[in-house]
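Here it is, the structure in full.
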Amino acid sequence: MEQNIEQQVTRGLGQQPTQPTQTQKSFPFTTEIITLPSKGLVYPESNALSKGEVTIKLMTAKEEDIITNQNLIRKGLHLDKLLESVVVEPGVDINDLVLGDKNAILVSSRILAFGTDYDVTINDPADNEPVSVTVDLSKIKIKEVDESKLNRNNEYEFILPKTKTPIKFKLLTHGDEILIAKDIEASEKLTKQSNEITTRYRRIITEVNGTRDFGYISNFVSNQLLAADSKSLRKYISEITPDLDLTFEYESLMTGEKEALRIPFGVDFFYPTD
């Protein structure tokens with residue numbers, strides 16, 4: 001008969017663990033409670049994610065098998081399978097996770113498994129020469145967004161500034177990303193070229209000029225969405241998207257100047273070789 005072990009839980013990146021309360025569900029493994037960047041504000045109240053936090057299990061040898069599986073890595077599925085394995089919150093469908101919340105779960109899982117130091121090689125912006133740095137993952141913070149712009153329908157209005165076209169769009173979820181990857185793969189086999197930007201827009205944009213017909217939206221994206229409007233839309237989406245601030249402060253060895261650089265995420269991020 002399986003026995004439950006005593007758990008420790010934490011709320012959010014970099015916070016100290018606390019002992020479980022009477023209302024916290026007991027699991028036969030150690031768990032942590034992760035605060036979601038969205039605070040649950042983008043999910044319907046009926047969704048288990050709407051409470052703004054999710055319980056994950058600490059990575060074990062089972063998860064090591066997943067993140068080192070070369071077949072999964074080649075197919076780009078190792079992180080999807082890792083996510084499926086570590087999220088143990090009752091009632092949660094990982095396909096519903098908006099991407100910023102997904103990032104928080106994956107980064108937290110890595111920190112809990114292997115610590116906060118992440119050794120990586122980057123190119124110094126001053127001379128473009130490779131340099132080894134250690135990124136302190138405990139300094140990653142949740143990005144500040146205007147929460148008043150978020151809603152539980154996860155649908156947002158925007159006027160394209162160049163053409164004045166009214167559209168509605170959604171913040172992509174993990175499930176959307178899976179569908180986008182399949183669409184891109186199918187299209188590349190058929191046309192022998194990449195169309196990632198337009199493929200993503202067909203999933204992001206939910207309405208154009210009051211029309212929700214997918215064929216109409218697809219035609220608009222391919223033939224009428226101007227580059228200037230596309231840039232403005234991407235900027236606005238970035239502004240309202242709950243996520244982690246996935247940058248670190250780098251001080252150039254050549255010039256001494258400090259600059260915020262994006263943290264590079266390679267295979268070693270989730271399974272350090274040293």
Side-chain angles (χ1 to χ4, degrees), residues 37-38 42-43 47 49 59 62-87 92-107 109-110 120 154-156 158 160 167-208 211-227 229-231 233-238 241-244 246 262-271:
S38 73
V42 299
Y43 306 105
N47 191 303
L49 294 166
M59 289 172 57
K62 173 187 174 182
E63 284 71 41
E64 287 187 285
D65 280 341
I66 292 173
I67 58 181
T68 59
N69 185 301
Q70 292 302 309
N71 186 45
L72 291 177
I73 292 173
R74 282 194 298 270
K75 293 180 178 179
L77 297 176
H78 57 300
L79 298 187
D80 294 347
K81 296 301 181 182
L82 175 62
L83 193 68
E84 291 175 7
S85 185
V86 299
V87 175
V92 166
D93 183 345
I94 64 169
N95 288 323
D96 293 340
L97 284 164
V98 294
L99 300 186
D101 290 347
K102 172 185 171 180
N103 288 339
I105 293 171
L106 292 175
V107 170
S109 294
R110 195 280 184 195
V120 65
N154 188 26
E155 188 171 63
Y156 309 92
F158 186 71
L160 298 174
I167 70 165
K168 292 182 180 179
F169 68 90
K170 64 179 292 187
L171 304 181
L172 291 178
T173 65
H174 175 62
D176 291 325
E177 285 284 286
I178 293 174
L179 294 175
I180 287 169
K182 291 180 179 179
D183 289 346
I184 291 173
E185 182 180 6
S187 179
E188 287 181 345
K189 287 181 179 179
L190 184 64
T191 65
K192 307 301 181 183
Q193 62 183 15
S194 175
N195 59 354
E196 180 174 353
I197 293 176
T198 53
T199 300
R200 295 183 76 82
Y201 273 140
R202 290 185 184 104
R203 295 288 176 184
I204 292 172
I205 298 175
T206 59
E207 181 178 302
V208 177
T211 300
R212 304 182 79 90
D213 178 72
F214 182 78
Y216 181 89
I217 294 172
S218 180
N219 179 68
F220 176 84
V221 167
S222 296
N223 300 307
Q224 299 177 54
L225 180 57
L226 301 181
D229 282 340
S230 173
K231 181 179 179 181
L233 176 58
R234 286 197 302 272
K235 181 180 178 183
Y236 184 69
I237 292 174
S238 177
T241 297
D243 204 344
L244 301 179
L246 296 173
R262 188 166 180 83
I263 300 172
F265 294 102
V267 174
D268 284 353
F269 179 79
F270 290 96
Y271 193 66

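Side-chain atoms are counted along with the backbone in the values below, which use heavy atoms only and exclude waters and symmetry mates.
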Between K170 and E155, is the closest basic N to carboxylate O distance under 4.0 Å?
no
With no hydrogens and no angle check, is any side-chain donor or acceptor of T241 less than 3.5 Å from a backbone partner on I237?
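It does hold such a pair.
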Within a strict 4.5 Å, meaning less than it, do heavy atoms of the T211 and F220 side chains meet?
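No. Closest side-chain heavy atoms not under 4.5 Å.
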Quick test of your reading: applying side-chain hydrogen bond (donor to acceptor under 3.5 Å, both in side chains), list the pairs with at least one residue in residues 73-84, sequence neighbours left out, ordered by first then second residue.
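Not a single pair qualifies under side-chain hydrogen bond (donor to acceptor under 3.5 Å, both in side chains).
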Parallel, tilted or perpendicular: which describes the rings of F169 and Y236, with under 30° parallel and over 60° perpendicular?
perpendicular
Minimum heavy-atom distance D93-L49, with the two atoms named:
O-CD1, 4.4 Å
Short side-chain donor-acceptor distance under 3.5 Å, T199 and D183
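Side-chain D/A pair, D183 to T199: absent.
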Interatomic distance, L82 atom CG to K62 atom NZ [nearest 0.5 angstrom]
10.5 Å
Treating N195 as the side-chain partner and T198 as the backbone partner, does any N or O pair qualify as donor plus acceptor under 3.5 Å?
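Looks like no, no N/O pair under 3.5 Å.
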Within the structure provided, determine whether L97 and Y43 are in side-chain contact (heavy-atom separation under 4.5 Å).
yes
Is there a side chain to side chain contact (heavy atoms under 4.5 Å, CB included) between R110 and V107? Walk through the geometry before answering.
CA-CA 5 Å; R110 195 280 184 195; V107 170; 5.7 Å; no
Does any non-hydrogen side-chain atom of F265 lie less than 4.5 Å from one of V120?
no
Does L106 form a side chain to side chain contact (heavy atoms under 4.5 Å, CB included) with L83? I'd like the steps, not just the answer.
CA-CA 7 Å; L106 292 175; L83 193 68; 4.1 Å; yes
What is the distance from atom CG of L79 to atom CD of E177, rounded to the nearest 0.5 Å?
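L79 atom CG to E177 atom CD measures 11.5 Å (nearest 0.5 Å).
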Are any non-hydrogen side-chain atoms of I105 and I94 less than 4.5 angstrom apart?
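No, side chains not in contact.
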Can you find a heavy atom in the side chain of M59 that is under 4.5 Å from one in the side chain of I67?
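Yes; the side chains approach each other to less than 4.5 Å.
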V208 vs L225 side-chain heavy atoms within contact, under 4.5 Å:
no
Test item: S222 and R202 side chains (from C-beta on) under 4.5 Å apart, heavy atoms:
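With C-beta onward as the side chain, the pair touches.
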Do S85 and I66 make a side-chain contact, defined as non-hydrogen atoms from C-beta onward lying under 4.5 Å apart?
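Yes, side chains in contact.
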Looking only at atom types and distance, does a side-chain atom of N154 sit under 3.5 Å from a main-chain N or O of V42, one as donor and one as acceptor?
no
Would you say CD1 of I197 has more than 12 non-hydrogen atoms from neighbouring residues, nucleotides or ligands within 6.0 angstrom?
no
Say whether, by atom type as modelled, one donor and one acceptor occur between the side chain of N103 and the main chain of D243 under 3.5 angstrom.
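No: the side chain of N103 does not pair with the backbone of D243.
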Heavy-atom pair of closest approach, residues G100 and P37:
O-CG, 3.6 Å
